[in-house]
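Okay, so here's the structure we're looking at.
Only this structure's heavy atoms are used, side chains among them; waters, hydrogens and symmetry mates stay out. Below, read A as the first sequence line, B as the second, and so on, with proteins coming before strands; counting in each chain starts at 1. Only a predicted model underlies this, so the values are computations on that prediction, with no experimental measurement involved.
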Number of protein chains: 2
Amino acid sequence: MLDATSSYNPMTDTSPADNRSRRTPVDDMTGHRIVPDTTRRAARTPGNRYGNRPTMKDVAARAGVGLKTVSRVVNGEPGVTPETERRVQEAIDALGFRRNDSARVLRKGRTASIGLVLEDLADPFYGPLSRAVEEVARAHGALLINGSSAEDPEREQELVLALCARRVDGLVVIPAGDDHRYLEPEVKAGVATVFVDRPAGQIDADVVVSDNFGGARDGVAHLIAHGHRRIGFIGDMPRIHTAAERLRGYRAAMEDAGITVQGSWMSLGVTDPERVRRAAEEMLAGPRPVTAIFTGNNRVTVTVVRVLAEHPPGAALVGFDDIELADLLRPGVTVVAQDAAALGRTAAERLFRQLDGTLLAPERIELPTRLVTRGSGELPPAH
Amino acid sequence: MLDATSSYNPMTDTSPADNRSRRTPVDDMTGHRIVPDTTRRAARTPGNRYGNRPTMKDVAARAGVGLKTVSRVVNGEPGVTPETERRVQEAIDALGFRRNDSARVLRKGRTASIGLVLEDLADPFYGPLSRAVEEVARAHGALLINGSSAEDPEREQELVLALCARRVDGLVVIPAGDDHRYLEPEVKAGVATVFVDRPAGQIDADVVVSDNFGGARDGVAHLIAHGHRRIGFIGDMPRIHTAAERLRGYRAAMEDAGITVQGSWMSLGVTDPERVRRAAEEMLAGPRPVTAIFTGNNRVTVTVVRVLAEHPPGAALVGFDDIELADLLRPGVTVVAQDAAALGRTAAERLFRQLDGTLLAPERIELPTRLVTRGSGELPPAH
DNA sequence: CCCGCATCTGACAACGTTGTCCAGGCTCTA
DNA sequence: TAGAGCCTGGACAACGTTGTCAGATGCGGG
C-alpha cells in the first residue's frame with residue numbers, strides 16, 4: 001500500500017543527488033530574501049504521486065463525459081442533467097475521487113485558509129484565543145493553519161513566511177519580534193494581517209491588544225487601596241511589549257500614590273519557575289520585605305501562589321491573567337483578567353473585514369481588562 | 001491597496017450569479033461522496049489575483065534570465081554562477097517575490113503539512129498534545145493545520161475531508177465519531193493516518209491511546225484501598241470511547257472488591273457544570289450517600305472540586321486527567337494523570353514513520369497513566 | 001582548428017483544476 | 001417546417017511551479 005522505500009522529505013529534494021558543485025547560498029543580502037532549503041537527500045522515486053489519486057480526468061473517462069462536466073458536478077454548478085450527474089457521482093464514489101484543492105487554489109487565487117502564529121499552543125492563555133480565531137474562520141469557510149513561535153523572532157518570521165508561501169488569505173500574528181518590515185511585500189500583495197496581544201513593529205497594521213497598562217495600574221492601585229506600600233513586581237522581559245506595559249502600569253500606580261519604587265522590589269525577565277521562586281522569596285525576606293506582590297502573567301502567578309502557600313500567610317497577591325481554579329484556593333487569587341477569546345474573536349473578525357474590503361485604515365483596538373477580587377488581593381499588609 | 005468592492009467568499013463562487021436553474025444536488029448517494037458548496041454570492045471581480053503578486057516569470061524578466069534559472073536560485077539548486085544568482089536575488093528582493101507553494105505542491109505532490117483534528121483547542125488537555133504534534137511536524141519540516149470537531153462526528157468528517165482535499169501528507173485525528181470508513185479512499189491513496197486518544201471505528205489504522213481502563217481501575221481501587229465502598233462515578237457519554245473505558249475501569253475495580261454498584265452512584269453523559277453539580281450533590285445527599293467520587297475527566301473534576309469545597313468536608317475524590325494547581329488546593333486533588341504531550345508526540349512520530357515508509361502494519365499503542373496522590377483520594381470514609 | 005567535455009542556461013511540458021467559449025441538440029413559436 | 005433561443009456538454013487555455021532535455025558557452029588537448 002505504501003512505498004516502503006521512499007522517505008519523507010517534502011519540498012526539499014533536488015533532481016541530482018550530486019552535491020559536489022553546490023554553491024553555498026550567500027546570506028549577506030539585506031531585507032526580504034528567499035532562504036533556500038538546506039536539507040538534501042536522495043531523490044524520491046518518481047511518479048506515483050499522491051499514491052495515484054484519481055483526478056477529474058479519470059472520473060470523466062469513467063463516466064464517459066467531459067472534464068468540465070465533472071467539475072460542474074463537483075462544484076454544484078448548474079447545467080448538468082440529473083442523469084449525467086448521477087453517472088458522474090457514481091464514478092466519483094467508485095474511484096474515491098477527492099478534489100485537489102492545491103490545483104483549485106492555483107486557479108482561483110484564494111486558499112480559504114488563514115494562518116495563526118502564536119507563542120505556544122500549550123499555554124492555557126492561547127487555547128481559547130486560538131479556538132476563537134478558528135470559530136470565526138470556520139464561519140467564513142476558512143481553515144486554520146497555526147504554529148508556535150516559542151517567543152523566537154526568527155522562528156516567527158520563518159513561520160509567517162512559510163504561511164505566506166502557502167498563500168494563506170490572512171494572518172493573525174502574536175508577535176515575538178519587534179520588527180515586522182519583512183511583512184511589507186506580503187501586505188502589499190494583499191495578505192490581510194492582524195496583530196494580537198502585542199503591537200506590530202515598524203509596520204502599519206491592525207492591532208488588537210488588552211489594556212495592559214491600565215489593567216496593571218488598576219491591579220496595583222487595588223493593592224495600594226488596601227494599605228500596601230511595599231509592593232513587589234515580578235514580570236517577563238520588558239522587550240516583550242505586554243510585559244513592558246504592565247511594568248509601566250505598576251510604576252504609574254506607585255507614582256500616583258507617591259511611593260518610590262525600590263529596585264529590589266522588581267524582578268524582570270525571569271519566567272522559569274525556579275528563578276521566579278527565588279525572586280519571590282528574596283522579596284519576602286530581609287528586614288523590610290514587600291507586603292504584596294503583583295505578578296506579570298499567569299505562569300509567574302502560579303509559581304508565586306506556590307511560594308506564598310509555603311510562607312507564613314500574609315503577603316497579598318494580584319496577578320495578571322486569570323488562572324483556572326483561582327477561586328478555589330485559600331485565599332482565592334485576585335487577578336486582572338483579560339479575555340483571550342475576545343482578543344482572538346476581535347482580531348479574526350477584523351481580518352475578515354479586511355478581506356471583505358469593508359475595512360480601510362489600520363486601527364489599534366484595546367480591550368478592557370477586569371479586576372476579579374477573590375481574597376488574595378484584599379489582604380491587609382502584614383507588617 | 002485592497003479592492004474595496006470584492007467580498008471574501010473563497011472557493012465558493014460559480015460563474016453565473018443566476019441561480020434559477022440550479023439543481024439541488026441529490027444527497028441519497030451512499031458512502032463517500034462530494035458535497036457541493038452550498039453558498040453562492042456574486043462573482044468576484046476577475047483578475048487581480050493574489051493582489052498581483054510577482055511570479056518567477058516576473059523575476060526572470062527583471063533579472064534577464066530564464067524561468068528555470070530563477071527556480072534554481074530560489075531552491076538553492078546547483079548550476080548557477082554567482083553573478084547570475086546575484087542578479088536573480090536582486091530581482092527577488094526588489095519585487096518582493098515569494099514562491100507560490102500551491103503551484104509547487106501541485107507539481108511535487110507533497111504539501112509538507114499535516115492535519116490535526118481534535119475536539120476543542122481551548123481544552124487544556126489538547127494544548128500540550130497539539131503543541132507536541134507541532135514540534136514533531138516542525139522537526140520534519142511540515143506545517144500543522146488544525147481544527148476542532150467540537151465532539152461532532154459530522155464536523156469531524158467535514159474537517160478531515162477538507163484537509164484531505166488540501167492534500168495534507170498525514171492526519172492526526174482525535175475521533176469524535178465511531179465510523180471512519182469515509183477515510184478508506186484517503187488511506188488507500190497514501191494519506192498517513194494516526195488516531196489518538198480514542199480508537200478509530202471500522203477502519204484499520206494506527207491508534208495511540210492512554211490506558212483509560214487501567215487508569216480508572218487503579219484510581220477507584222485506590223479509593224477502595226482507603227476504605228471506601230460507596231463510590232460515585234461521574235463521567236461523559238459512554239458513546240465516547242474514553243468515557244466508556246473509564247466506566248469499565250470503575251466497574252472492574254468495584255467488582256474486584258466484591259462491591260455491587262448502585263445505579264444512583266453513576267452519572268453518565270452529563271458534562272455541563274450545572275448538571276454535574278446536581279449529580280454530585282445528589283450522590284452526596286440521601287440516607288446512604290457515597291463517601292468518595294471518581295470523576296471521568298478534567299472538566300468534571302473541576303466542578304466536583306467546587307461542590308466538595310462547599311460541602312462539609314469528608315468525601316474523597318480521585319479524578320481522571322491532571323488539572324493545574326491541583327496540588328495547591330486543600331486537600332490536594334488526587335488524579336489519574338495521562339501525558340497529553342506524550343500522546344501527541346507518539347502519534348506524530350508514528351505518522352512520520354508511516355510517511356517514511358518504515359512502518360508496516362497498523363498498531364495500537366497504549367500509554368500508561370500515573371496515579372498522583374495529593375490528599376483528596378486518601379481521605380477515609382466519613383460515614 | 002576541431003573535437004570532446006564540463007558547465008551553465010532556457011524552452012517546454014506537465015501537475016489538476018476552473019473560466020471561456022463554442023457546438024450541437026432541443027423546444028417553442030410563427 | 002424554419003428560425004430563434006435555450007440548455008447541455010466539451011475543447012482549450014491558463015494558473016505558477018518544477019523536471020527533462022537540449023542548446024550555448026568556454027576551455028583544454030590533439
Could you check how far [atom1] of [X] sits from [atom2] of [N], rounded to whole Å?
| X | N | atom1 | atom2 | value |
| --- | --- | --- | --- | --- |
| B:D101 | D:dT18 | CG | C1' | 12 Å |
| B:R53 | D:dC15 | CZ | P | 16 Å |
| A:R110 | C:dT18 | CZ | C1' | 17 Å |
| A:R87 | D:dG9 | CZ | P | 8 Å |
| A:E85 | D:dC7 | CD | C1' | 16 Å |
| B:L67 | C:dA13 | CG | P | 14 Å |
| A:R104 | D:dG16 | CZ | C1' | 18 Å |
| A:E77 | D:dG9 | CD | P | 13 Å |

Taking the minimum atom-to-atom distance to the side chain of [X], which one of [options] wins?
| X | options | value |
| --- | --- | --- |
| A:T69 | C:dG16, D:dT17, D:dG9 | D:dG9 |
| A:R107 | D:dT8, C:dT9, D:dA14 | D:dA14 |
| B:R72 | D:dG9, C:dT9, C:dG16 | C:dT9 |
| A:K68 | C:dT17, C:dC15, D:dG10 | D:dG10 |

Checklist line | Residues forming a side-chain hydrogen bond (donor to acceptor under 3.5 Å, both in side chains) with B:R138, sequence neighbours excluded | finding: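 Expected list: A:E158.
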Next item on the list: For B:N146, enumerate each residue passing the side-chain hydrogen bond (donor to acceptor under 3.5 Å, both in side chains) test, keeping only those at least two apart in sequence or located in another chain.
Entry: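 B:N146 satisfies side-chain hydrogen bond (donor to acceptor under 3.5 Å, both in side chains) with A:N146 once adjacent residues are dropped.
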Partners passing salt bridge (charged side-chain N to carboxylate O under 4.0 Å, His left out) against [X] (at least two apart in sequence or in another chain):
| X | answer |
| --- | --- |
| B:E134 | B:R131 |
| A:E154 | none |
| A:D179 | A:R181 |
| B:R87 | B:E83 |

Short side-chain N/O contact from [X] to OP1 or OP2 of [N], under 4.0 Å:
| X | N | value |
| --- | --- | --- |
| A:T81 | D:dG9 | yes |
| A:N75 | C:dT18 | yes |
| B:S71 | D:dT18 | yes |

Margin query: Within this structure, what is the CZ-CZ distance for the pair A:R104 and A:R110, rounded to the nearest 0.5 Å?
Written below: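 Between A:R104 CZ and A:R110 CZ, I get 13.0 Å after rounding to 0.5 Å.
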Next item on the list: Output all residues satisfying side-chain contact (heavy atoms from CB on, under 4.5 Å) with B:S71, sequence neighbours left out; order by chain, then residue number.
Entry: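 Testing B:S71 for side-chain contact (heavy atoms from CB on, under 4.5 Å), a comparison that skips the adjacent residues, returns B:M56, B:K68, B:N75.
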Check: Do any of residues 54-63 of chain B sit with a heavy atom less than 4.0 Å from DNA chain C, and if so which?
Finding: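 Of all residues in residues 54-63 of chain B, none places a heavy atom under 4.0 Å from DNA chain C.
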Notebook entry, point to check: Do B:S149 and B:I174 come within less than 4.5 Å of each other through their side chains, counting heavy atoms only?
Noted result: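 The answer is no; the side chains never approach within 4.5 Å.
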Notebook entry, point to check: Is there side-chain contact between B:T69 and B:R72, with heavy atoms separated by less than 4.5 Å?
Noted result: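 They are in side-chain contact.
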Next item on the list: Between B:T84 and B:A103, just flag the one whose closest nucleotide in DNA chain C comes earlier from the 5' side.
Entry: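 The residue closer to the strand's 5' end, by nearest nucleotide, is B:T84.
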Note to self: So if I take the C1' atoms of five pairs at each end of the helix from C:dC1-D:dG30 to C:dA30-D:dT1 and get each local axis, what angle do the two axes make, rounded to 10 degrees?
What the structure shows: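 For the helix from C:dC1-D:dG30 to C:dA30-D:dT1, the axes at either end differ by 60°.
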